[in-house]
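Each chain gets a letter, A, B and so on, in the order the sequences are listed, and its residues count up from 1. Since the model is a prediction, treat every value here as computed from it, not as a measurement.
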There are 2 protein chains.
Amino acid sequence: MAETDSKRATLNDVAQAVGVSSQTVSRVVNGHPYVSDETRRRVQDAIRKLGYRPNRAARSLATQRTCMLGIVTFGIDHYGPAQMVTHVERTARARGYGVTLSAIRALTPHEIRAALDALGGSVVDGLVLITPVTGLSAADIEALCGHIPFVQIDTELGANVPSIVIDQHFGSRLVTQYLIDLGHRALCEISGPLNWYGAQARHESWLKTLHRAGLTPGLSVEGDWTAEGGFRAALRLLDEGAVFSGLVVGNDQMALGAIRALRERGLRVPEDVSVVGFDDIPEAAYFEPPLTTVCQNFAALGEQSVEYLVSLIDNPLTPVHQRVLRPQLIERHSACPPRQGAFFLEGEIALSRRSEEAD
Amino acid sequence: MAETDSKRATLNDVAQAVGVSSQTVSRVVNGHPYVSDETRRRVQDAIRKLGYRPNRAARSLATQRTCMLGIVTFGIDHYGPAQMVTHVERTARARGYGVTLSAIRALTPHEIRAALDALGGSVVDGLVLITPVTGLSAADIEALCGHIPFVQIDTELGANVPSIVIDQHFGSRLVTQYLIDLGHRALCEISGPLNWYGAQARHESWLKTLHRAGLTPGLSVEGDWTAEGGFRAALRLLDEGAVFSGLVVGNDQMALGAIRALRERGLRVPEDVSVVGFDDIPEAAYFEPPLTTVCQNFAALGEQSVEYLVSLIDNPLTPVHQRVLRPQLIERHSACPPRQGAFFLEGEIALSRRSEEAD
DNA sequence: TGATATGATGTTAGCGCTAGCAGAATGATT
DNA sequence: AATCATTCTGCTAGCGCTAACATCATATCA
């Protein structure tokens, strides 16, 4: 196998070993035609014997392509972004691209610029931006990316940039209407951080769906996507005297925390309060009770974004569009019809505050 | 900002704009001394005006360094590996390195070779290998990496390769002994896939700890790290007639599934069966009941591996060692002393099969 | 037989950058 | 005034590869 040479073998080393020009070796490596079978075989032998591997930097310099995609992601600690990264990587590799990862922890322009700088200097042929959060305009993004083609994932619905998004409005309508159809009239919400597009969209559609049904929305508290945040948010809801038989939670982890909080306050799920989540994380089916939630197809998101990006790289004139994926309701056992007279009389319209004020 | 030139600006463009040689611009870009303040200022202005960014490929070619680390990871869909990736990335960036990610889905030499090929051709200065799984010898790894310095994470304890590992034996002893100390005498196990070093180590130490305490290990069933796998494994345990008051589970997700299975069979946790997990995922505290588990410091793992790798890059003669981190028991509420006479009489030694055979 | 296609190779130049050396200018020292 | 060190700048080469063209041999056709 690999020679014990101190230096890595180069194209030229291989060429000399075989007695051909380096160009011929290059042709073999890149699978070009017009190399005789005999030569090809001998070159391949030498490549193996010398342990030759093409130098990507040199190739990039010559071809102006890197066969690398950059992933810039915010919120990689959360389930959604992490899933997206995984699936983007998988698809990119299947398409012959490597990926380089740049996770940003804070949403400062400085951090973002640093992330892009790390990727911008001709290290990547294209960028997948996982930007689930407000704060950067489309113009900002375009300015930062420069001439590098990019696709955004999980960004603002309706934005006029190359992007693939999940219709969070639809998902929110789905669960909210589901609870309404079950007979719930008093709904509260634990939303994700409202500077996330998805959280915002879910919140808005939660409101709108209730209004359309002629119901008054109950309290909505902002969580932080974590179980702990959900726990605290639910406690706050209860402490503020909110009265509700249905609770729409921005993701499954927060739903888990919320359920625990409800239980600690003596409320049973779903008998006293129906709880629904978002994401359908693999554990959701094994929560107590198994969680009714909304499933998002992250695999499709990853695949389609890479496909789109690759077509953008191959042909920069590919028209700009936003592809919208629809999530799907997964019915399990954390929601059921409300018990009569539990918290409120049948037909009574939901109140966001209990009449008998806090103790 | 960036000019609307069709082409990206190069060092030479900047040099011409200022009227100096490209070398001087290079000095400014790289912060070398011996550039007059006046010149430096003018160059920096021009850089900004032209939107110049150094071409990494060209720089790599000239310097033979890429300032990139490669992460090759198996099992990125699981909590541990995903956490490691996140923390490696974070630390690498703090140290001035970018990371390129190569996730392998199957443990075939072919997949691994492909992953390394994608990274090997002078794209990275060093490799972090997340290889939690058996199948590759240290020699294989060294052969595959060639001359590129590497550090393994989460590999075999005691292996003589540059590596950072968590002492899974210790962790397993911790929980197992904990249950024994609580008074449990009949313990079963749901292990992770036994081709994972961690799962293997935990399994072995589970056995050893029981033996040392003079107890006969109950049944051990292999899971797949997922909640669903834990669910099915627990069901199998029950179906095979295992009798136990304590259950050691290989990770938190499987513990979640197991708890659900136990509950569906009418067993309460922890009153009838104490369950302990591994990992301390952020949700574990909000499980029903809150899960007693073992916390692993993935952040330290990521940090130390990158630090080690960087020192290996800077000085190839850095001595080879394995750094071992110790996990920590997190007591919550999924384990308590066994009830007397629930499944077995006090003092009775655990049987791995019930006397009255399956129905 | 000469003209034309086509397969198989080599030659040349250059991608954008940095290392290393070679100056040139300035000031300090003999 | 000659010598030396110090600060600044430019020149040249080359990192390893590929695109584009040039070359040469062989096969095909009129």
Side-chain angles (χ1 to χ4, degrees), chain A residues 5-44 46-47 50-68 117 120-125 146-147, chain B residues 5-44 46-47 50-68 117 120-125 146-147:
Chain A
D5 276 11
S6 57
K7 284 267 165 193
R8 290 266 309 271
T10 71
L11 255 199
N12 251 307
D13 298 337
V14 178
Q16 277 186 337
V18 182
V20 295
S21 77
S22 63
Q23 185 54 228
T24 299
V25 180
S26 170
R27 287 196 185 95
V28 172
V29 170
N30 294 291
H32 287 186
Y34 302 152
V35 181
S36 70
D37 291 349
E38 164 65 8
T39 308
R40 167 166 288 120
R41 205 189 42 68
R42 281 170 50 218
V43 168
Q44 282 164 340
I47 286 176
L50 296 174
Y52 167 75
R53 278 190 193 160
N55 179 317
R56 297 274 230 115
R59 181 180 280 174
S60 298
L61 193 56
T63 60
Q64 310 284 37
R65 322 184 62 231
T66 64
C67 287
M68 282 278 166
D117 275 346
S122 304
V123 233
V124 296
D125 293 336
H147 296 297
Chain B
D5 276 12
S6 58
K7 284 268 165 190
R8 290 266 308 271
T10 72
L11 255 199
N12 250 308
D13 297 338
V14 178
Q16 278 188 336
V18 182
V20 295
S21 77
S22 63
Q23 185 52 229
T24 299
V25 180
S26 171
R27 289 197 184 93
V28 171
V29 170
N30 294 293
H32 287 187
Y34 300 151
V35 181
S36 70
D37 291 350
E38 164 65 7
T39 309
R40 168 167 288 119
R41 206 188 43 67
R42 282 170 50 217
V43 168
Q44 281 165 340
I47 286 176
L50 296 174
Y52 167 74
R53 279 191 191 157
N55 179 317
R56 297 274 229 116
R59 179 179 283 174
S60 299
L61 192 55
T63 60
Q64 312 283 36
R65 321 185 63 230
T66 63
C67 286
M68 282 276 165
D117 275 346
S122 304
V123 234
V124 296
D125 293 336
H147 297 296

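Once rounded to the nearest 0.5 Å, the distance linking CG of A:N55 with CG of A:L61 reads 9.5 Å. In this structure, B:S22 OG and B:D13 CG are separated by 10.5 Å, a value rounded to the nearest 0.5 Å. Between the CG atom of A:D125 and the CD atom of A:Q64 there is a distance of 10.5 Å, given to the nearest 0.5 Å.
Residue B:T24 is classed as a sugar-phosphate contact, given heavy-atom separations below 4.0 Å to backbone atoms only.
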I'd like a table of atom pairs between the protein and nucleotides 6-8 of chain C - only N or O on both sides, under 3.5 Å - with the distance next to each one.
residue, atom, partner, partner atom, Å
C:dG7, OP2, A:Y34, OH, 2.6

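Between its opening and closing five pairs, the helix from C:dT1-D:dA30 to C:dT30-D:dA1 changes axis direction by 50°, a value rounded to 10 degrees.
For the OP1/OP2 pair of C:dC17 and a distance below 4.0 Å, the side-chain nitrogens and oxygens of B:S60 include no atom meeting the criterion.
The backbone N or O of B:Y34 sits nowhere less than 3.5 Å from a side-chain atom of B:R27 that would complete a donor-acceptor pair.
Side-chain atoms of B:R40 and B:V43, non-hydrogen and from C-beta on, never get closer than 4.5 Å to each other. Looking at heavy atoms from C-beta onward, A:T39 lies in side-chain contact with A:T24 at the 4.5 angstrom threshold. Side chains of B:V123 and B:T66 form no contact here, defined as non-hydrogen atoms less than 4.5 Å apart. The shortest side-chain heavy-atom distance between B:R56 and A:S60 does not fall under the 4.5 Å cut-off.
The only member of B:V29, B:V28, B:N30 that meets side chain to side chain contact (heavy atoms under 4.5 Å, CB included) when paired with B:H32 is B:N30.
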- Base-contact (B) and sugar-phosphate-only (S) positions in nucleotides 14-24 of chain D, heavy-atom cut-off under 4.0 Å, - elsewhere: -BBBBBB----
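Considering all non-hydrogen atoms of both residues, B:S21 and B:A15 come closest at C-CB, 3.6 Å.
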